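As the structure is a prediction and not an experimental result, all values here were calculated from the model. Chain identifiers are assigned alphabetically (A, B, ...) following the order of the sequence lines, protein sequences preceding nucleic acid strands; residue numbering begins at 1 within each chain.
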Amino acid sequence: MNNELYIYNSFTREREKFEPLHEGHIGLYVCGPTVYSDVHLGNCRTFVSFDIVYRYLTYLGYKVRYVRNITDVGHLEGDIDSDAEDKISKKARLEQLEPMEIVHKYTLGFRDIMHLLNALPPNIEPTATGHIIEQIEMVSKILENGFGYIKNGSVYFDTPKFVKEYGVYGKLSGKQIEELFTETREALKKQDEKNHPSDFAIWIKADERHLMRWPSPWSVGFPGWHLECSAMSTKYLGAQFDIHGGGMDLQFPHHENEIAQNYGACGSMPVRYWMHGNMLLLNGRKMSKTPDPITGKSNSILPLELFTGQNEIFSKAYSPMTMRFFMLQCHYRSTLDLTDAALLAAEKGYRRLMDAYKALQQLQAPANAEAAQLDQEINGLIDQAFEDMNDDFNTPKALSRLFELVATINGIKDGHLPADRVSAATLQRLKEVFQHFIFDIFGLLDEHDGGQDGQTVDGLMQLIINIRKEARERKDWGTSDQIRDALKDLEIQLKDSKEGTSWAKGS
RNA sequence: GGUCGGGUGGCCGAGUGGCUAGGCAGAGGUCUGCAAAACCUCGUACGGCGGUUCGAAUCCGCUCCCGACCUCCA
């Protein structure tokens, strides 16, 4: 079995063998949300994708420092020189709230959603406003190194200078430098403070209208959007670290500018492996908060709208774990289209996987069990599932192996497959691997597990099942079916098999 | 317009020169008091037109369609 991990590096556009900078340790930085409104499901997809990356790296035994920022300032709306305004402070004025109130509200909301989706919290969740000093220091360094210039209290990054010195601007997003520079010439008129249209602000002077501003050597103002990630990744992971993740839509300009800033301040490429998750689509189009200019509606759905069913898009409510399973069925670098039929399929598939997991835990190897062909098949599928994960975190492929194993598990359970052809060791391995994949790596939860109340419910259900069993033994089909139908109305399904009756939540 | 990525069976989605994932839905069967669940069997799909090759969904060319990015975006 090949244990080497390969990661598709967006910077080189190649699948590369992963080797950490420091053996056994990994620095992982993921661009987090801007907390000026509720996160939508598209945002969530990226964070779930990287949650699985984090979980798998941890599973492989690496000590991972996972940093995911909260952007609570500096995210501009529109052009700086037109009517630019910070997203946070704009929302604060609209809602008559303090900027920190907005930030706090949506940060808490974001964490709640991540918790519902069972995404592990990062090790560090730094905020931009908490790192103003670090950002000012970085601007100073960039100026010292000659990669920035001051105009009317604002500081801009000098991209032509950067291209001349390092020549990597545009490489990440695959843009030709010449085209990049000529493309936006039309916009030059609106941005007369910049020496060059591709230059970008790293410090922005603010007038009294702005609610969020800080003193700096250049003006009372606020940092540019791209700066926080450079400053905070450098602070917590070092000038160079292993993996930087984010949504594909951040590749340009955000990550391109991040690279420029790090070169400008530290003189080196900050990241060894760039990873970009693809977009979640709704009705075949990118999910986005930005309203459509024609219809005025935004093409997005909030997680809670999906989980509660309170939306006009889908036929019913879909649980967080259904959503998570749905995401697992698609590779993180492919677009994923959210549709009702697809979610319905995911819901059923998720239940089937969890039911098989429970059935597996009940299986016992017979005393005379010996390894045979079936044994090899099981071990082969397990090995392949790990190889799939090692191949750029191919969750859909790994999941397909698990489903092949589900058929094997059910076959043994129902006596269609010879249980004595699976050795005790392989059965034990299968149990452990299922546990690790489903809960530790894929991060799924058993939503039908009642938690604290679970034991009570299990006890009650066993009582009901026993009463029905006695009725069936008397051939009292009326009572038997009454119980079954009444439970069905409560969305509890009884499953009769040779070994007896089990139950599961869900109609 | 420029750049990049796609078009896979009824739906969602892997794969990427020969061994043709998986989930859901559908058909038939086994089991069952009847069902459900589970299991077994079944569908030979890769936008179109050419080309390379013994062989292409997979490589090349052309073409049609879709999406993303091009300084708001996860």
Side-chain angles (χ1 to χ4, degrees), chain A residues 13 30-34 39-50 75-80 84 87 170 173-176 179-180 182-184 187 191 197-201 225-226 245-254 256-257 276-281 284-290 325-326 329-331 333-350 352-353 355-356 359 384 388 394-404 406-407 409-411 413-417 472 475 477 480-481 484-485 488 493-498 501-504 507:
Chain A
R13 288 157 204 274
V30 174
C31 287
T34 305
V39 287
H40 60 65
L41 280 169
N43 305 122
C44 294
R45 185 188 176 197
T46 298
F47 303 129
V48 168
S49 293
F50 286 103
H75 211 150
L76 287 168
E77 281 203 329
D79 294 320
I80 296 160
K87 270 193 175 174
S173 52
K175 298 198 180 305
Q176 299 295 318
E179 285 169 7
L180 193 65
T182 52
E183 266 291 306
T184 49
Q191 303 175 3
S198 66
D199 291 351
F200 55 93
W225 169 37
H226 316 297
M248 233 160 217
D249 50 357
L250 294 183
Q251 212 167 41
F252 188 88
H254 183 58
E256 200 74 75
N257 290 350
H276 287 96
N278 215 323
M279 300 294 103
L280 182 68
L281 310 181
R285 286 192 27 249
K286 180 187 171 184
M287 191 175 288
S288 174
K289 266 176 281 206
T290 311
F325 181 91
F326 176 64
Q329 282 185 303
C330 177
H331 192 264
R333 282 193 290 111
S334 299
T335 53
L336 174 61
D337 201 358
L338 196 64
T339 63
D340 203 51
L343 281 169
L344 209 56
E347 184 176 62
K348 298 228 172 131
Y350 161 67
R352 184 152 176 252
L353 182 67
D355 287 349
Q384 282 175 346
D388 295 333
N394 197 329
T395 57
K397 215 169 167 187
L399 193 58
S400 78
R401 312 288 188 196
L402 293 198
F403 271 103
E404 289 190 57
V406 164
I409 291 164
N410 286 329
K413 183 193 77 176
D414 283 10
H416 295 112
L417 289 172
R472 294 180 77 201
K475 298 196 190 300
W477 309 127
S480 166
D481 290 354
R484 187 173 70 194
D485 295 345
K488 197 179 179 193
Q493 185 190 45
L494 293 181
K495 299 177 182 182
D496 296 324
S497 72
K498 287 201 174 79
T501 303
S502 63
W503 65 281
S507 49

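- Here the separation of B/rG1 from B/rC60, taken at their C1' atoms, is 27 Å to the nearest Å.
- For B/rG33, the base has a donor-acceptor partner in the side chain of A/Ser480 [N/O atoms by modelled type, under 3.5 angstrom].
- Across all strands, A/His331 comes closer than 4.0 Å only to sugar-phosphate atoms, never to a base (heavy-atom distances).
- Checking B/rA37, B/rC12, B/rC69 against the side-chain heavy atoms of A/Gln493 singles out B/rA37 as nearest.
- Counting any heavy atom pair closer than 4.0 Å across all strands shown, A/Gly32 reaches sugar-phosphate atoms only and no base atom.
- Distances were taken from every side-chain heavy atom of A/Pro396 (C-beta onward) to each of B/rC24, B/rA74, B/rA21; the shortest belongs to B/rA21.
- Relative to the side chain of A/Glu404, the nucleotides B/rA74, B/rC70, B/rG22 differ in distance, and B/rG22 lies closest.
- The distance from atom CG of A/Leu336 to atom CG of A/Leu338, rounded to the nearest 0.5 Å, is 7.0 Å.
- Contacts of A/Asp337 with the nucleic acid, taken as non-hydrogen atoms under 4.0 Å apart, involve only primed sugar atoms and P, OP1 or OP2.
- Considering only heavy atoms from C-beta on, A/Glu256 stays 4.5 Å or farther from A/Gln251 through its side chain.
- If you measure from atom CD of A/Gln251 to atom P of B/rA68, you get 15 Å, rounded to the nearest angstrom.
- Side-chain N/O atoms of A/Asn278 and base N/O atoms of B/rG6 include no donor-acceptor pair closer than 3.5 Å.
- Within 4.0 Å (heavy atoms only), A/Arg401 reaches no atom of the nucleic acid at all.
- With a 4.5 Å cut-off on side-chain heavy atoms, A/Met287 and A/Leu281 do not count as touching.
- For the pair A/Lys413 and B/rA37, the criterion of a side-chain N or O lying under 4.0 Å from OP1 or OP2 is not met.
- In this structure, A/Leu280 reaches the bases: a heavy-atom distance under 4.0 Å links it to at least one base atom across the strands shown.
- Looking at heavy-atom distances under 4.0 Å, A/Ser173 makes no contact with the nucleic acid at all.
- Residue A/Asn394 has a polar side-chain atom (N or O) positioned under 4.0 Å from OP1 or OP2 of B/rG15.
- At a threshold of 4.0 angstrom between heavy atoms, the contacts of A/Gly246 are confined to the sugar-phosphate backbone, with no base atom among them.
- Between the NZ atom of A/Lys286 and the C1' atom of B/rG6 there is a distance of 16 Å, given to the nearest Å.
- As judged by a 4.0 angstrom heavy-atom cut-off over every strand, A/Leu494 is placed among the base-contacting residues.
- Within 4.0 Å of A/Lys475, counting heavy atoms only, lies no atom of the nucleic acid at all.
- A/Lys495 meets the side-chain contact (heavy atoms from CB on, under 4.5 Å) test with A/Asp355, A/Gln493, A/Ser502, A/Ala504; sequence neighbours excluded.
- Here A/Arg352 reaches the OP1 or OP2 of B/rC24: one of its side-chain N or O atoms lies under 4.0 Å away.
- Shown here are the ring-ring contact (aromatic ring centres under 6.0 Å, His included) partners of A/Phe50, two or more places apart in sequence or in another chain: there are none.
- The ring-ring contact (aromatic ring centres under 6.0 Å, His included) search around A/His254 returns A/Trp225, A/His226, not counting sequence neighbours.
- The shortest heavy-atom contact between A/Pro33 and A/Val39 is CB-CG1, 4.0 Å.
- Side chain of A/Leu336, nearest nucleotide from B/rG23, B/rA74, B/rG13: B/rG13.
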Which dot-bracket notation, 5' to 3', represents the base pairing of RNA chain B when pairs are defined as Watson-Crick or G-U with both distances under 3.5 Å, crossing pairs as [ ], and inter-strand pairs as |?
(((((((..(((.....[...))).(((((.......)))))....(((((..]....))))))))))))....

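- Residue A/Lys348 has its side chain nearest to B/rA25 when only B/rG23, B/rU71, B/rA25 are considered.
- Residues meeting the salt bridge (charged side-chain N to carboxylate O under 4.0 Å, His left out) test with A/Asp340, sequence neighbours left out: none.
- For A/Arg13, the side-chain atoms get nearest to B/rC4 when compared with the rest of B/rC4, B/rC34, B/rC12.
- Contact annotation for A/Ser288: base contact, defined as any heavy-atom pair under 4.0 Å involving a base atom.
- What separates CZ of A/Phe252 from P of B/rG5 is a distance of 17 Å, to the nearest Å.
- Counting atom types as modelled, A/Arg285 pairs no side-chain N or O with a base atom of B/rC66 as donor and acceptor under 3.5 Å.
- Within the 4.0 angstrom heavy-atom criterion, no nucleotide atom of any strand lies near A/Met248.
- When heavy atoms are screened at a 4.0 angstrom cut-off, A/Gly284 is found touching the sugar-phosphate backbone but no base atom.
- You'll find that the side chain of A/Ser400 is closest to B/rG22, out of B/rA74, B/rC12, B/rG22.
- Among the atoms of the strands shown, base atoms are found under 4.0 Å from some heavy atom of A/Asp496.
- One atom, CG of A/Leu281, and another, C1' of B/rG13, lie 13 Å apart when rounded to the nearest Å.
- Between the C1' atom of B/rC24 and the CG atom of A/Leu353 lies a distance of 14 Å, rounded to the nearest Å.
- Between A/Arg484 atom CZ and B/rG33 atom P there is a gap of 12 Å when expressed in whole angstrom units.
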Could you go through A/Asp485 and A/Lys488, starting from their C-alpha distance and side-chain angles, then the distance that decides it, and tell me whether this counts as salt bridge (charged side-chain N to carboxylate O under 4.0 Å, His left out)?
CA-CA 5 Å; A/Asp485 295 345; A/Lys488 197 179 179 193; over 6 Å; no

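- Between the side-chain ring of A/Trp477 and the base of B/rG33, a stacking contact exists by the 5.5 Å and 30° definition.
- B/rG28 sits 40 Å from B/rC64 when the C1' atoms are compared, rounded to a whole Å.
- Remark: A/Ser49 engages no residue in a side-chain hydrogen bond (donor to acceptor under 3.5 Å, both in side chains) (not counting sequence neighbours).
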